[in-house]
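The structure appears below as structure tokens.
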Amino acid sequence: MIEGPQNDEQYMRDLYERFRKGVCENNNSEFYDEDELLDIYDFAQDEADEMVQLYVLLTGARLFPDSDFLDERKAFFLSSVSDEAARDMMGRKGRKDSALWGVLKLSLDTYPDGNPEEGLADLLSTDFTFSCEAVIRLIDTLHDLNRDDLIAENLHIIKEKAENPTLLYYEAAEALYHNETYAQKALELADELTQLEPFNPENWVLLAKIEFALQHASECVSAAEYAMALDPANPRARLVKGFGQVLDDESLQNGIDELKSLLKDDPDNALAVKALAEAYSRNGKKKAALEVYSAFMTRNGGDAYVIMDILKLHPEDAFPYLETFATTSGDQERKWLEIAAQLANDNEVAEAARMLTFYNDRFKLREGMEYFLQLLYRLRLYKQYVQIFSQCCTEAAEPGGISYGFSANAYLLLASSYLMAGLYEEAITLTTHILSDPPVANDYDEHLKWKGMQLTLTFIRNLAKDPSLIPSMTDFDPVTFQIPVK
């Protein structure tokens, strides 16, 4: 029993890879029975391999045109492309109804923001036996609809109908432990699973993950060690054991050693990389953390999450890491902007600006230039704002130059930057020019927006004319300052 699940998984992978190889080599000479095709399809689904899923359906249509099981998969596959195509299959004459078809109908009727309560009640009132696939799909559907409450409330009913109740417990626990409200329920389910199937290492891994999510360090490690006793090489058990150990300062070094050992066998385990780097950082070893991230990024190319984690450690010299990232990501401006925006949203504005400074120096920002300027302004880098804005204007004036199309807000920030950089004449000139040529307001909202901007520009101009009026407060910002109304 200890080796059973592992052998089953290896069998499934071998079957999947053999089928995939046949597809890639355009060799369809090998025969697969219906159960094998279902196994291949479900494994490909777990691997997010849509190509193999599609070819399984095509092969099934050729070999088993009347297969109800394959039709169910085909309808779910089509639902990811077109609801109407999936509904057409559901309305096909002669279709044999099942729990899985009922789950598909529930999904089509309610996703993404409908109320599944009535449809779920109808489905659970049927006499259908819920196959493993039906259970998985039902739990996923309810979880995706943010209705974990319906999972918890109806577990006893689904259990009576489930072909495999232990699979139901496993899937429900996996879904519920991410929800703080139902994390304790998930823990109870996982604990019961370890009693029902004590020799299944994956049940102990699940229990360890939930204990970790609840910040129960010793319980997490204990459950992971049970899994490793059953399957010493289980990478998930080794990983979650390391997670649990680094939760506690007393076992932090043991966790570092466990994660290092795992990475020797599986150097591309992204979760272990992140956990090890964070453990080093907690232990005051920032250089070691950066080395872990850097080695992973060098092997795996431009990983957005890794470069973000690196920058969040605030390396003194970020250039080598950004250089590595640029080697694989190139000048995909949108990708760089998305990472910078995530950093800024995580209150890492300086690192976001550092990233876009590198990009602008190397490749030249275009659509993201105004966002970059906003970051500089938030950091009070007024002279740099003025310098880059001026460069943009110079380049735009050249034949074939880039037209940035800066908004009125960008010019407002420029006027404020002039003021705060001590360039008072420039601030007066710019504000006077804007105020003398007001935009035409197309609606009431635009009119109010201009009125607010007009007040701020006038305020900036008055301060530029008499700098002694500039407040001495260190966090003073002319744009956000509450202007006294006289």
Practice prompt. Give the minimum heavy-atom separation between Leu124 and Asn154, together with the two atoms involved.
Written response: CD1-OD1, 3.6 Å
Worksheet item: Is there a donor-acceptor pair under 3.5 Å between the side chain of Ser294 and the backbone N or O of Leu290?
Response: no
Item to complete: For this output row, return yes or no: ring centroids of Tyr382 and Tyr377 closer than 6.0 angstrom.
Response: yes
Fill in: Crowding at NZ, Lys287 (>12 non-hydrogen neighbours, <6.0 Å)
no
Practice prompt. For Asn347, look at atom CG and say whether over 12 heavy atoms of other residues, nucleotides or ligands are found less than 6.0 Å away.
Written response: no
Worksheet item: Can you name the nearest heavy-atom pair linking Ala190 to Ala173, along with the distance?
Response: N-CB, 4.4 Å
Practice prompt. Locate the shortest heavy-atom distance separating Ala352 from Ala344; write the atom from each residue and the value.
Written response: CB-N, 4.0 Å
Discussion item. How long is the straight-line distance from CG of Leu337 back to CZ of Arg366, given to the nearest 0.5 Å?
Written reply: 12.0 Å
Item to complete: On the 0 to 90° scale, with breaks at 30° and 60°, tag the Phe481-Phe459 ring pair as parallel, tilted or perpendicular.
Response: parallel
Fill in: Check ion pair Asp71-Arg92 (N to O, under 4.0 angstrom)
yes
Worksheet item: What do the steps show when you test Asp331 against Arg362 for side-chain contact (heavy atoms from CB on, under 4.5 Å), and what is the final call?
Response: CA-CA 9 Å; Asp331 62 349; Arg362 173 65 61 85; over 6 Å; no
Fill in: Residue Lys286 excluded, over 12 heavy atoms near NZ under 6.0 Å
yes
Response to the item:
Asp248 and Ala217 have their tightest heavy-atom pair at CB-CB, 4.3 Å
Worksheet entry | Centroid-centroid distance, Phe389 to Phe406, less than 6.0 Å | yes
Practice prompt. Compute whether any side-chain donor of one residue and acceptor of the other, for Glu258 and Asn254, lie under 3.5 angstrom apart.
Written response: no
Practice prompt. Using the six-membered ring wherever Trp is involved, compare the ring planes of Tyr359 and Phe363 and label them parallel, tilted or perpendicular (cut-offs 30° and 60°).
Written response: tilted
Discussion item. Assess, by modelled atom type and distance only, whether the side chains of Asp346 and Gln342 contain a donor and an acceptor separated by less than 3.5 Å.
Written reply: yes
Response to the item:
Rounded to the nearest 0.5 Å, the CG atom of Leu430 sits from the OG atom of Ser417 at a distance of 10.0 Å
Practice prompt. Could you tell me whether Arg87 and Asp109 have a side-chain N and a carboxylate O separated by less than 4.0 Å?
Written response: yes
Worksheet item: Between the side chain of Gln53 and the main-chain N/O of Phe77, is any donor-acceptor distance below 3.5 Å?
Response: no
Discussion item. Thr141 and side chain to side chain contact (heavy atoms under 4.5 Å, CB included): which single residue from Leu150, Ile151, Val103 fits?
Written reply: Val103
Worksheet item: Which distance, rounded to the nearest 0.5 Å, do you find between the CG of Leu365 and the CD1 of Ile388?
Response: 8.5 Å
Worksheet item: Is a side-chain N or O of Asn345 found less than 3.5 angstrom from the main chain of Ala341, in a donor-acceptor match?
Response: yes
Item to complete: I would like to know whether Leu108 and Met90 meet side-chain contact (heavy atoms from CB on, under 4.5 Å); could you show each step before the answer?
Response: CA-CA 11 Å; Leu108 292 172; Met90 289 196 67; 3.9 Å; yes
Discussion item. Rounded at 0.5 Å granularity, tell me how far CG in Asp42 sits from CZ in Arg73.
Written reply: 4.5 Å
Item to complete: Would you check if the side chain of Thr324 reaches a backbone N or O of Pro320 as a donor-acceptor pair within less than 3.5 Å?
Response: yes
Worksheet entry | Atom of Asn203, atom of Leu193 and distance for their closest heavy-atom approach | ND2-O, 3.5 Å
Item to complete: May I ask you to decide if Ala326's main-chain N or O and Ser329's side chain share a donor-acceptor pair within less than 3.5 Å?
Response: no
Worksheet item: For atom CD of Glu395, is the number of surrounding heavy atoms from other residues, nucleotides or ligands below 6.0 Å larger than 12?
Response: yes
Item to complete: Mind checking the CZ-CZ spacing from Phe476 to Arg380? Nearest 0.5 Å is all I need.
Response: 9.5 Å
Discussion item. Treating His156 as the side-chain partner and Glu153 as the backbone partner, does any N or O pair qualify as donor plus acceptor under 3.5 Å?
Written reply: yes
Worksheet item: For atom NZ of Lys312, is the number of surrounding heavy atoms from other residues, nucleotides or ligands below 6.0 Å larger than 12?
Response: yes
Fill in: Crowding at NE2, His314 (>12 non-hydrogen neighbours, <6.0 Å)
yes
Worksheet item: So, the side chain of Trp336 versus the backbone of Gly330: is there a donor-acceptor pair under 3.5 Å, distance only?
Response: yes
Discussion item. Can you tell me how far apart CZ (Phe372) and CG (Leu375) are? Round to the nearest 0.5 Å.
Written reply: 7.5 Å
Fill in: Where Ile434 and Leu457 come nearest, the two heavy atoms and their spacing
CG2-CD1, 3.5 Å
Worksheet item: Is Arg354 close to Pro315 at the side-chain level, that is, under 4.5 Å between some pair of heavy atoms?
Response: yes
Worksheet entry | Sidechain-backbone polar pair: Asn283 side chain, Lys285 backbone, donor-acceptor under 3.5 Å | no
Worksheet item: Are Arg137 and Asp140 close enough, and set up right, to give a salt bridge (charged side-chain N to carboxylate O under 4.0 Å, His left out), and what steps lead you there?
Response: CA-CA 5 Å; Arg137 291 284 191 177; Asp140 286 348; over 6 Å; no
Discussion item. Main chain of Phe296, side chain of Asn300: is a donor-acceptor contact present, judged purely on distance under 3.5 Å?
Written reply: yes
Practice prompt. For atom CD of Glu118, decide whether the heavy atoms of other residues, nucleotides or ligands shown that lie under 6.0 angstrom number more than 12.
Written response: no
Worksheet item: Donor-acceptor pair, Thr357 side chain versus Ala353 backbone, under 3.5 Å?
Response: yes
Discussion item. Looking at Glu278 and Arg282, is there a salt bridge between them, counting it only when a charged N and a carboxylate O are closer than 4.0 Å?
Written reply: no
Worksheet item: What do you reckon, is OH of Tyr111 surrounded by more than 12 foreign heavy atoms closer than 6.0 Å?
Response: no
